[in-house]
Enquirer: 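Take this structure first; my questions come after.
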2 protein chains.
Amino acid sequence: MHPALQQQLEGKITLTTEQEQLVNSCYKPRLTKRGEILLEKGNVARYLFFVVKGCLRVFLTKDDGSEWTRFLIFENHFGTAFPSFVQQKPSVAAIQSMEASELLMISRQDSQILMQEIPGWETMMRMGLELDYIASIERIESLITLDAKERYNILMQTQPGLIQRLPNKIIADYLGISQETLSRLKSKK
Amino acid sequence: MHPALQQQLEGKITLTTEQEQLVNSCYKPRLTKRGEILLEKGNVARYLFFVVKGCLRVFLTKDDGSEWTRFLIFENHFGTAFPSFVQQKPSVAAIQSMEASELLMISRQDSQILMQEIPGWETMMRMGLELDYIASIERIESLITLDAKERYNILMQTQPGLIQRLPNKIIADYLGISQETLSRLKSKK
DNA sequence: TAAAAAGATTGACAATAGTCAATAAATCAT
DNA sequence: ATGATTTATTGACTATTGTCAATCTTTTTA
């Protein structure tokens, strides 16, 4: 099993040899180039991605060409265009690799097989889901209660690496502001 | 079993008599008055609520007295101050009954007992969680991609009942705008 | 390394939304 | 019903953020 995945399971679940083989057969490795599109808007998100190395972004596009970053997925985290993946319907969001990345990917069907076949796997997934949901609740809170500057300050405190690693434009999208506004915030504070 | 809860389980899970008794012993009924506080900020959210009749709101308060509605929970939906409930830590949000309401409530511990004891219960919870998470992702999208007027129009299309039922102030909080702005949007469109 | 491309900053102005205050309307309780 | 309280609307002004354009900087690539 991939060591990064192994580490992810540590303390949460212990697998028999057969179970480990099943897990291995479900997760497919994938390498991406910087900028590579993993899912186009309008297609169904067939895979859940685990980022071993690199960074993905899930983003929205409008007809006028503007873009909005819905989520960023860093090392040792799972992510995908979630509504599309769960409901297996066309995605409104696209997924792009922000850096040359190393991924493990699993289909919805295989994910369900693991939940059925491996006792404790669904519990692990459910608990992961709870944490993702909590993170998204906290993002909603910051969007409705804070102004742009406060949101930026919090991001700097909680995810300083993110700011160094990604272009301004992406961070601005993620915060729900224009890149010019972000640029001005940075000089002000 | 309460018919509203029964209906909720329909098509998702079938219970034996013993299982049904276990479920019944876990869900406690509660009646609330309009305006009643079910959880104060700073306390741990011990219960997940199922709204049989009425409406709850989960809201944030700041020191200056301003309030923000994080979530609204209507008939036949589950909800609570989720981060606090899952992690059993003090809540930043409070919960209030917006109308005289009829609720069923279950503790985190009892919820876990049901997931352990009843095959399929955790799957049902996990799938419910997926849908809640999707709803929150869509709310994030609307907050970062749409302006106040667009958000209000969508709310009017998707939840017209909500607008008639709740005071302006609450809807404004929920949309992340001031009540004056909401009042102006309503006359404009 | 130089040219080209992409990204970041800054200025000027416009648009959106917030705040404070006054008034009007609706709801509640006696 | 009626006075009291809460809620909603409107006006005037302010603050925040967005847009467009120009310039500067960094990164890529040939």
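In what follows, chains are A, B, ... by sequence order, proteins preceding strands, each numbered from 1. Note: hydrogens, waters and symmetry copies are ignored here, and every other heavy atom, side chains too, is used. Bear in mind that the values here come from a model prediction, so they are computed numbers and not experimental data.
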Enquirer: Closer than 4.0 Å, any side-chain N/O of T181(A) to the OP1 or OP2 of dG18(D)?
Expert: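 Yes.
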Enquirer: What is the distance, to the nearest angstrom, from the CE atom on M98(B) to the P atom on dT27(C)?
Expert: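 Taking CE of M98(B) and P of dT27(C), I get 14 Å after rounding.
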Enquirer: Considering heavy-atom distances to DNA chain D, does L146(A) or E180(A) have its closest nucleotide positioned more toward the 5' end?
Expert: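 Looking at the nearest nucleotide for each, L146(A) comes out on the 5' side.
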Enquirer: Is a donor from one side chain sitting under 3.5 angstrom from an acceptor on the other, for R151(A) and S142(A)?
Expert: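 Short answer, no.
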Enquirer: Among the nucleotides dA8(D), dA8(C), dT16(C), which one has an atom lying closest to any side-chain atom of D147(B)?
Expert: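 Side chain of D147(B) sits closest to dT16(C).
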Enquirer: Check the hydrophobic clustering (I, L, V, M, F, W, Y; side-chain heavy atoms under 4.5 Å; chains of links allowed) and say if L146(A) and V92(B) are grouped together.
Expert: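 Unlinked, L146(A) and V92(B) end up in two clusters.
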Enquirer: Between dT10(D), dG18(D), dG7(C), which nucleotide gets closest to the side-chain atoms of S183(B)?
Expert: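 Within the option list, the nearest is dT10(D).
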Enquirer: Take R34(B) and G176(B), find for each the nucleotide of DNA chain C with the closest heavy atom, and name the residue whose nucleotide sits nearer the 5' end.
Expert: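 Counting from the 5' end, the first nearest nucleotide belongs to G176(B).
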Enquirer: If you check the S187(A) side chain, which of dG18(D), dT10(C), dA8(D) turns out closest?
Expert: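 Closest nucleotide among those given: dT10(C).
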Enquirer: For R184(A) and dC20(D), give me the distance from atom CZ to atom C1', rounded to whole Å.
Expert: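 Computing the R184(A):CZ to dC20(D):C1' distance gives 11 Å.
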Enquirer: If we ignore angles and hydrogens, is there a donor and acceptor under 3.5 Å between the side chains of H77(B) and Q8(B)?
Expert: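 No, no side-chain donor-acceptor pair sits under 3.5 Å.
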Enquirer: Quickly work out the D173(A) CG to dT19(D) P distance and round it to whole Å.
Expert: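 Between P of dT19(D) and CG of D173(A): 11 Å.
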Enquirer: State, without any angle test, whether H2(B) and Q7(B) hold a side-chain donor-acceptor pair at a distance under 3.5 Å.
Expert: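 Side-chain D/A pair, H2(B) to Q7(B): absent.
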Enquirer: Mind calculating the distance between NZ (K169(A)) and C1' (dT25(D)) to the nearest angstrom?
Expert: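 So the NZ-C1' distance, K169(A) to dT25(D), works out to 19 Å.
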Enquirer: As a test of your reading of the structure, name each stem of DNA chain D as range with range, where a stem is three or more consecutive Watson-Crick or G-U pairs at under 3.5 Å.
Expert: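 Stems for DNA chain D, defined as runs of 3 or more consecutive pairs: C:1-30 with D:1-30.
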Enquirer: State whether the side chain of K41(A) and the backbone N or O of T61(A) hold a donor-acceptor pair below 3.5 Å, judged by distance alone.
Expert: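 Between the backbone of T61(A) and the side chain of K41(A) there is a qualifying donor-acceptor contact (under 3.5 Å).
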Enquirer: Under the salt bridge (charged side-chain N to carboxylate O under 4.0 Å, His left out) rule, what do E180(A) and R184(A) come out as? Steps first, then yes or no, please.
Expert: CA-CA 6 Å; E180(A) 293 93 336; R184(A) 288 179 179 114; over 6 Å; no
Enquirer: What is the distance, to the nearest angstrom, from the OH atom on Y152(B) to the P atom on dT16(C)?
Expert: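 After rounding, the gap between these two atoms is 18 Å.
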Enquirer: Could you give the CG-to-P distance, from L185(B) to dA15(C), as a whole number of Å?
Expert: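 Atom-to-atom, L185(B) to dA15(C), this comes out as 17 Å.
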Enquirer: Please state how far atom CD1 in I171(A) lies from atom C1' in dT9(C), giving the value in whole angstrom units.
Expert: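 The distance from CD1 of I171(A) to C1' of dT9(C) comes to 15 Å, rounded to the nearest Å.
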Enquirer: In whole angstrom, what separates K186(A)'s NZ from dT17(D)'s P?
Expert: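 Answer to the nearest Å: 17 Å.
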Enquirer: If you measure only the distance, is there a donor-acceptor pair under 3.5 Å linking the side chains of R46(A) and S107(A)?
Expert: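 Per modelled atom types, R46(A) and S107(A) side chains form no pair under 3.5 Å.
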